[in-house]
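Model, not experiment: these values are computed from the prediction. Counting convention: from 1, in listed order, for ligands and their atoms alike.
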Amino acid sequence: MTVLGCIADDFTGATDLAGLLARSGVRVNLHMGVPDAPPTDTAAFEVIALKCRTEPVAEAVAECLRALEWLQAAGAARFFWKYCSTFDSTAQGNIGPVAEALMARLGADQTIYCPAFPENGRSIFMGNLFVGEQPLGESPMKDHPLTPMRDSNLMRLLEPQVTRPVGLANRLVVEKGADALRARLAELKQNGVAHVVVDAVSNDDLQVISEACRDMTFLTGGSAVAMALPELYLKDGTLDADAPKMATPKLPEAAIVLSGSCSAMTRAQVSDYLRQADGYRLDPLELAQEGVGAALAWLEKQPLESAKIIYATAEPSNVKAAQDKLGIAKAGALVEDALATLAVKARELGTRRFVVAGGETSGAVTKALGVTRLTIGAEIAPGVPWCFAQSAGEEIAVTLKSGNFGAESFFSDALTKL
Ligand code: ADP
C-alpha cells in the first residue's frame, strides 16, 4: 500500500526526490508521466515525474490533478508536491497554482514550502533562499533562460502565484523543535495563512520540519524536506517494517555516458571523465548538416566493455555560436535527438548501464529507450540515484543527473557504485 504519493515538476527532480526517499532502503517507484494503466505492484513511495515546470498554468494544474488521482488509486493518503530547490517558476506559476489546486482537491487548508537542500547548498533563512553563499536573486539562477529568479524572498515569489495568504515559520522557531513549529503553524492557520514558507539551513532543521509536518495531508518542497519521512513513518508504524525493500538487479557491465548538459559542473565532469575514457563530441552544426551517422559509426567500433562517453557538452561561447546559427530550440533538439538515437543503438549493441547528464537530455533519452517506470537503487551523489527499468524487454540501469548535481568525478563514481 502506498504511504506517500509524490508529484514532481520535472524528470531529474523526480529522481532526486525518489533517491532521497530510497535512502531509507524502502522500495520507491518512479513513473515518467502519469501511467495510463491503473496502479499495480505499488511501492510504499510512488513518485510521478511530470514535465510541467514551465507549462501554461491550466495544463500544469490539470496534469497534476490527474497524477493525484492515480496516486489516490494507489492508496496514498499523504501527498508531496516537489519543485526545484531554486524555486524555479514565474510570477504566473506553476508552484503556487498547482499547490492550491491539489489542496482544494484534498480539502487541505494549510501547507508548507521548503525548497531547502543543505547538502547541495540550498538554504532558507528568514524566508530568503540562498544558493551557496549567494542570495538566489544574485546567483546564476538570475539568468536562467526560462525561469530567471531575480528575487530571493520566497514569500514575495509565492504571493503573486496564490490566492490565499502567505506566511513564514522562521529559523528561530524551527530551532526550538517540532512542537514549537507545530504551534507556529497552528497560530498561522488561525490567522488564515494557507501557505507557510519554512526556513531550513541544515539537515537537522529538515528533520524537525518533517517531524512537525508528517501528518499533514499535503506537503510541498524541494526533495530534501521529504528525506526524513520514511524513517518517521517506519517508527510510528504508518509504514510496515516489512514493506518491500530496494532491490539491485545484477546487470551486464557494458556502459555508456551520454551528456547533453552544458552546465558548469557537467563541463568539469566531462573533462574529468575524458582523462580515462574514449569520447565522441557531438557538434550541433555538424549534426544539422550530416546527421548522426558518424557518431553511430564511432559507437559501433568501440569495444562493448569500454565505458565510453558521447557528449554535446560545450563552453557557453560554442553553445551560443550554434544557437545563433540554428536557433536555440533547433540546436537543443538536434542534440537531444542524436543522444536519444545513440542510446537506442547502444542498447541494441548490448549496453545495459546508461549514465545521462542533463534534465531535457534525460527526458529525451528515457523516452527513446521506452522507459516509463523505474525502481530506485543506490545513491551516487546527493539527489542522484541509480534506477532500474525495462527497455525493449531488457533490464537496464539508468542514472539521470541534472546539470549542476554531482562531484567532478560523477561519471566514474556512478560506474563504480554499480
Ligand atoms: P541541464 O540539466 O544542464 O539544464 P539539459 O539537458 O536540461 O541540461 O539542457 C541542455 C540543453 O542544451 C539541451 O536541450 C541540449 O540538447 C542543449 N545542448 C547541449 N549541447 C549543446 C550545444 N553544444 N549547443 C547547443 N545546445 C546544446
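Side chain to side chain, S223 and D16 meet the donor-acceptor criterion of an N or O pair below 3.5 Å. Side-chain N/O atoms of T266 and S263 include a donor and acceptor closer than 3.5 Å. Residues Q269 and K401 have side chains that bring a donor and an acceptor to within less than 3.5 angstrom of each other. Side-chain contact annotation: R78 with T217, donor-acceptor N/O pair under 3.5 Å absent. A side-chain N or O of S89 and one of Q161 form a donor-acceptor pair less than 3.5 Å apart.
Of all protein heavy atoms, the one lying nearest to atom 23 (N) of ligand 1 is A312 O, 3.0 Å. Scanning the protein heavy atoms around atom 8 (O) of ligand 1, the nearest turns out to be G358 CA, 3.3 Å. G260 O, 3.1 Å is the protein heavy atom nearest to atom 19 (C) of ligand 1.
For A314, every heavy-atom contact with ligand 1 shorter than 4.0 Å involves the side chain, none the backbone.
In summary, the atoms of ligand 1 found under 4.0 Å from a heavy atom of C262, numbered by their order in the structure, are 19 (C), 20 (N), 21 (C). Listed by number with element, the atoms of ligand 1 under 4.0 angstrom from any heavy atom of G359 are 1 (P), 2 (O), 5 (P), 6 (O), 7 (O), 8 (O). Less than 4.0 angstrom separates some heavy atom of T361 from each of these atoms of ligand 1: 6 (O). If you number the atoms of ligand 1 from 1 as listed, the ones under 4.0 Å from a heavy atom of G403 come out as 1 (P), 2 (O), 3 (O). For ligand 1 and G332, the ligand atoms under 4.0 Å from any heavy atom of the residue are 14 (O), 16 (O), 17 (C).
Without hydrogens or angle criteria, N128 side chain to M126 main chain gives a donor-acceptor distance under 3.5 Å. Proximity of a side-chain donor or acceptor of R27 to a complementary backbone N or O of F45 within less than 3.5 Å is not detected. With S24 contributing its side chain and L21 its backbone, the two residues share a donor-acceptor pair below 3.5 Å.
Under the salt bridge (Lys or Arg N to Asp or Glu O under 4.0 Å) criterion, R164 pairs with no residue, sequence neighbours left out. For the ring-ring contact (aromatic ring centres under 6.0 Å, His included) test, residues two or more places apart in sequence or in another chain that qualify with F411 are Y273.
Nearest-residue assignment for atom 1 (P) of ligand 1 (options A364, S261, P284; heavy-atom criterion): S261. Remark: among candidates M265, E336, E360, the nearest residue to atom 14 (O) of ligand 1 is E336, based on non-hydrogen atoms.
Between F87 and Y113, the two ring planes are perpendicular [angle over 60°; tilted spans 30° to 60°].
Considering backbone and side-chain N/O of A331, none are found under 3.5 Å from N/O of ligand 1. In terms of N/O distances under 3.5 Å, ligand 1 is not approached by N318. Between V335 and ligand 1, no pair of N/O atoms sits closer than 3.5 Å. Looking at V319 next to ligand 1, no N or O pair under 3.5 Å apart turns up. By the 3.5 Å distance cut-off applied to N or O atoms, A322 is not counted among the residues near ligand 1.
Protein heavy atoms are found inside the 4.0 Å sphere centred on atom 16 (O) of ligand 1.
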